[in-house]
Number of protein chains: 2
Amino acid sequence: MSIASLAKALNLSISTVSRALNNYDDVAPETRRRVLAKAKALNYRPNAAARQLVSGSTRAVAVTLPAVETGEEFIDWMYSGLLAGVSAALDGSGYYLLATSAGGRGIDREMALYRNLIEANSADALLIVRTLVDDPRVKLAQEAGIPFVTYGRTQTDLPYSWIDTDNEGAFALAAHRQLGFGHRRIALLNGPSAYYFAQLRRRGYDKALTAAGVALDPALVVEGNLSIQSGYSLTMELLNQKSPPTAFLCAVDNMAFGAIAACRQRGLVVGRDVSIMGYSNSPMASFCDPTLTTIEHKVFENGRHVGEGLLRLLGGEAPGQLGYLEPVHLVPRASDGPLVTS
Amino acid sequence: MSIASLAKALNLSISTVSRALNNYDDVAPETRRRVLAKAKALNYRPNAAARQLVSGSTRAVAVTLPAVETGEEFIDWMYSGLLAGVSAALDGSGYYLLATSAGGRGIDREMALYRNLIEANSADALLIVRTLVDDPRVKLAQEAGIPFVTYGRTQTDLPYSWIDTDNEGAFALAAHRQLGFGHRRIALLNGPSAYYFAQLRRRGYDKALTAAGVALDPALVVEGNLSIQSGYSLTMELLNQKSPPTAFLCAVDNMAFGAIAACRQRGLVVGRDVSIMGYSNSPMASFCDPTLTTIEHKVFENGRHVGEGLLRLLGGEAPGQLGYLEPVHLVPRASDGPLVTS
DNA sequence: TTGAAAGCGCTAACAC
DNA sequence: GTGTTAGCGCTTTCAA
């Protein structure tokens, strides 16, 4: 069913049909009615490729997903929620989300995917998630002149549109809470420092400790790949130190679950002998034992904001107009508490 | 950079360039060399829309994701792994995965998405996941004549290509294990019965119990939405029965985590007072307390098989040639054990 | 071995 | 208010 056959069935020219279909106002109301009715009856749907070729627009927002952890997951829980939000915001706009996975093969693979997408004209805009401190994807998009929104900030001189959560504030808050409980040896189980969010978290943590007059101990800041397993291993190593930490701030809930498992195995009662905090407030956090004190990270809502930003850009807004720091808040539960002094 | 400007730069005709680029054999070797070199130098990339328009093929495999649980997740852990596998199999084939979310708005929304995709010619093949007993998506794809692979089986008279895990075998195995432990009141926390996988699991469960001479008690078979929360609520309700179950077979690990939380809250020691089993062997299963006895479900590998099936179909294989039941196997851990008789 | 030309389905000038 | 026409960038006959 092409527009040509539709036109023939209506005894109209192709252009009149096209105009009626695309809501131009120089079409007789009666004609428009007839066209719309016939299109529905004949189940006409414009060919995406043809429209794309002539308009230059694909109506697609492309995102490649890092899956840094294992290479065996398309995306993880957080991105799952984020994309649901983006998808929800895009819904009804005529734009859709084109998701491809870099399959854990790193930033080079991601760059290749984006480059293809851009050069083959397969997307109108890009979504860049989990930004690096110095992110080549951002540079690529800027050079190509394709609209993009980042989830997470990066270092660049040019204006760009971003949404981020208050990573620095979140970890200052977390550290502050543990300091208030009397903890002085507070570990930070961070993500890889190549990611900007990890640097920001570290900064928040550093600031809170420094403000409280607690000396920074580099041995207490470790990096892992955000998996349960890494949380477990890192905690085990930290507990082996001569003077182990009494509090553990984890970059994601998953790492906290690993930390809990490690402490349990060591015979430590989490929430009493040691304090553990997560970040994200994933569904499991309220069902594990002990329930996990964490920082609520509204991924779905964040995604919705990202989607709205994308739409603004696509609507012609200049990059750099958008820069929104999502607030985070504490969800106190049972996995942390006052330092017990023996 | 269009093929026209490439041709001009080479002083060749468009068609010769096209042939050289597409590996036709009626091109002089020297000409091909020149074209390829120039294309690389000029960073030429064929326009996807144009190629699509003329060839009729988009090189896209579309999948819409149900996110039935909450509507707030693009996909869940299982699909995350499955798609990673599909994506891996497709990698290098020239086909890519186009994922859109139905945003938890049910099968009607999914049907609308697929219908659009088909009618606008936006995909060469479809991937249909989490099949219903009587699945309208399968009928739609069959009527449209578009190649598709289902992950999960369905009821249809026509041949189709599917990959499924051995749901029936898995739950027969699980029930058999609990029967062996002496349990007689074994609950099944199933998924919604509209899904074929839920029916198959029920069948496996029924068969195992019947074979052991244990009467089926409908009160022990309940349905939930596969979330942690639903596992928790259903278990609470089951424990409130006059004669509560001593073993709980859960449709997914998440439900099992909810079940563990519920039992803990009731003061029951999981693995001693009650037996709990999950399904999927998610990362958390080996880190929770007690560690979860579950059924390994190799989602990534399954996804790879699905992707390979898709490629076979796209390569011209007739539907119905593919029908593969993935084996599953038990991962015994600490959450289940012999019935304690007081 | 290469080039000219038609046409995929659509939009948007431009004429009437 | 409607029709004619020229492309968008590519593949693929058909001639040369």
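Please read these numbers as outputs of a predicted model, since none were measured by experiment.
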Value in whole Å for how far the [atom2] atom of [N] lies from [atom1] of [X]:
X	N	atom1	atom2	result
Q52(A)	dC10(D)	CD	C1'	13 Å
L6(B)	dT11(D)	CG	P	11 Å
L12(A)	dT4(D)	CG	P	11 Å
I14(B)	dT13(D)	CD1	P	17 Å

Margin query: Run the side-chain contact (heavy atoms from CB on, under 4.5 Å) test on D135(B) and T150(B) for me, step by step, so that the C-alpha distance in whole Å, both residues' side-chain angles and the decisive distance to 0.1 Å come before the verdict.
Written below: CA-CA 10 Å; D135(B) 204 304; T150(B) 61; over 6 Å; no
Notebook entry, point to check: For T16(A) and dG3(D), is the shortest distance between a side-chain N/O and OP1 or OP2 below 4.0 Å?
Noted result: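 Yes.
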Check: Below 4.0 angstrom from OP1 or OP2 of dG3(C), is there any side-chain N or O of S13(B)?
Finding: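 True: S13(B) side-chain N/O within range (under 4.0 Å) of dG3(C) OP1/OP2.
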Note to self: Just to be sure I understand the geometry, which residues of residues 19-28 of chain B put a non-hydrogen atom under 4.0 Å away from DNA chain C?
What the structure shows: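 Output list: R19(B), D26(B), V27(B), A28(B).
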Taking all heavy atoms of [X] and all of [Y], pick out the closest pair and write down the distance.
X	Y	answer
N302(A)	I163(A)	O-CG2, 4.4 Å
D124(B)	G56(B)	OD1-O, 4.3 Å
A89(B)	L311(B)	O-CD2, 3.5 Å
K38(B)	A9(B)	CE-CB, 3.9 Å
T156(B)	Q142(B)	OG1-NE2, 3.3 Å
P319(A)	P159(A)	O-CB, 3.9 Å

Checklist line | Residue pair E301(B), R304(B): steps toward the salt bridge (Lys or Arg N to Asp or Glu O under 4.0 Å) verdict | finding: CA-CA 5 Å; E301(B) 213 171 292; R304(B) 199 188 280 277; over 6 Å; no
Note to self: Using the rule side chain to side chain contact (heavy atoms under 4.5 Å, CB included), only one of L36(B), I3(B), V35(B) pairs with Y44(B); which is it?
What the structure shows: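 Only one of L36(B), I3(B), V35(B) forms a side chain to side chain contact (heavy atoms under 4.5 Å, CB included) with Y44(B), namely I3(B).
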Checklist line | Within residues 31-42 of chain B: residues closer than 4.0 Å to DNA chain D (heavy atoms) | finding: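 DNA chain D contact set from residues 31-42 of chain B: none.
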Next item on the list: Only pairs at least two apart or in different chains count here, so list each salt bridge (Lys or Arg N to Asp or Glu O under 4.0 Å) that has a residue in residues 142-155 of chain B.
Entry: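 Checked against salt bridge (Lys or Arg N to Asp or Glu O under 4.0 Å) - neighbours excluded - the pairs reaching residues 142-155 of chain B are R153(B)-D164(B).
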Margin query: Side chains of S57(B) and S55(B): any donor to acceptor distance under 3.5 Å?
Written below: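 On atom types as modelled, these side chains do not qualify, holding no pair under 3.5 Å.
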Notebook entry, point to check: Looking just at side-chain N and O atoms, do S18(A) and S15(A) make a donor-acceptor pair shorter than 3.5 Å?
Noted result: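 No, because no side-chain N or O of S18(A) sits under 3.5 Å from a partner of the opposite role on S15(A).
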Next item on the list: Would you kindly check whether a donor in the side chain of S18(A) faces an acceptor in the base of dA12(C), or vice versa, at under 3.5 angstrom?
Entry: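 For S18(A), whose side chain was compared with the base of dA12(C), there is no donor-acceptor pair (under 3.5 Å).
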Notebook entry, point to check: How large an angle, rounded to 10°, do the end axes of the helix from dT1(C)-dA16(D) to dC16(C)-dG1(D) enclose when each is built from five base pairs?
Noted result: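 Computed from the C1' atoms at both ends, the axes differ by 40°.
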Check: Quick one: side chain to side chain contact (heavy atoms under 4.5 Å, CB included) partners of A28(B), sequence neighbours excluded?
Finding: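 Testing A28(B) for side chain to side chain contact (heavy atoms under 4.5 Å, CB included), a comparison that skips the adjacent residues, returns T31(B).
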Give me, pair by pair, the N or O atoms of the protein and of nucleotides 7-9 of chain C that are less than 3.5 Å apart, along with how far apart they are.
unit_1	atom_1	unit_2	atom_2	d
dG9(C)	N2	A50(A)	O	3.4

